Each structure stands twice: as structure tokens, then as C-alpha cells.
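Computation of the quantities below employed the complete heavy-atom set of this structure, encompassing side-chain atoms and omitting hydrogens, waters and symmetry-equivalent molecules. Every value quoted in this text rests on a predicted model; they were computed, and no experiment measured them.
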Amino acid sequence: MELPQDPFMLLSMINMKLRDEYSSLEDLCKSEDIDINILSDKLKNAGFDYMPEINQFR
């Protein structure tokens, strides 16, 4: 999967997939062949952290 470069587009896409298709960030990354560390770092650099209790980045 090609990740959007814009952090807000990335946030929107990832949170939509987490809400609609995947029960965890690990499941999403494994299924979509995304490096979880790269994804988390990109969103962390934009000010967002993964919150497993709600399965979303905020």
C-alpha cells in the first residue's frame, strides 16, 4: 500500500481503515504490508499517537 505523504491524509486513511476493517494497528500493518515503525513515526512526527484502547491515532 502506498502511504499518503500528507500527514493529515495519512491520519484520515489509517483511522478509517482501523475503524472499518482492522481490530488493531498490528493487524492493519501486517495485512497491508506496512512497516508499523515507519507509520507510527510519520504520525508521531505530525503530533499523533496510537491509542490501542480506542484503536485510533489521536
- [ ] Provide the closest heavy-atom pair for Leu39 versus Cys29 in the form atom of the first, atom of the second, distance.
- [x]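 Distance-wise, the nearest heavy atoms are CD2-SG, 3.9 Å.
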Looking at [atom1] of [X] and [atom2] of [Y], how far apart are the two atoms once the value is rounded to the nearest 0.5 Å?
X: Glu26; Y: Ser31; atom1: CD; atom2: OG; answer: 11.5 Å
X: Leu25; Y: Leu18; atom1: CG; atom2: CG; answer: 6.0 Å
X: Leu3; Y: Glu32; atom1: CG; atom2: CD; answer: 9.5 Å

Student check: side-chain heavy atoms of [X] and [Y] closer than 4.5 Å:
X: Glu21; Y: Met16; value: no
X: Lys42; Y: Pro7; value: no
X: Leu10; Y: Gln5; value: no

Given the rule that I, L, V, M, F, W and Y join up when any side-chain heavy atoms are under 4.5 Å apart, are [X] and [Y] in one cluster?
X: Ile38; Y: Met1; value: no
X: Ile34; Y: Met13; value: yes
X: Leu28; Y: Ile54; value: no

Task: Pairs where residues 47-58 contributes a residue and the test side chain to side chain donor-acceptor pair (under 3.5 Å) is met, not counting sequence neighbours - done: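 Only Lys44-Asp49, Tyr50-Asn55 qualify under side chain to side chain donor-acceptor pair (under 3.5 Å).
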- [ ] Not counting sequence neighbours, which residues clear salt bridge (Lys or Arg N to Asp or Glu O under 4.0 Å) with Asp20? List them please.
- [x]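 In terms of salt bridge (Lys or Arg N to Asp or Glu O under 4.0 Å), with neighbours along the sequence ignored, Asp20 is linked to no residue.
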Open item on the list: For Phe57, is there any backbone N or O sitting under 3.5 Å from a side-chain donor or acceptor partner on Asn15?
Closed with: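 Checking the backbone N and O of Phe57 against the side chain of Asn15, a donor-acceptor pair under 3.5 Å is found.
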TODO: Give a yes or no on whether the backbone of Phe8 and the side-chain of Ser12 come within a donor-acceptor separation of less than 3.5 Å.
DONE: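 A pair under 3.5 Å: no.
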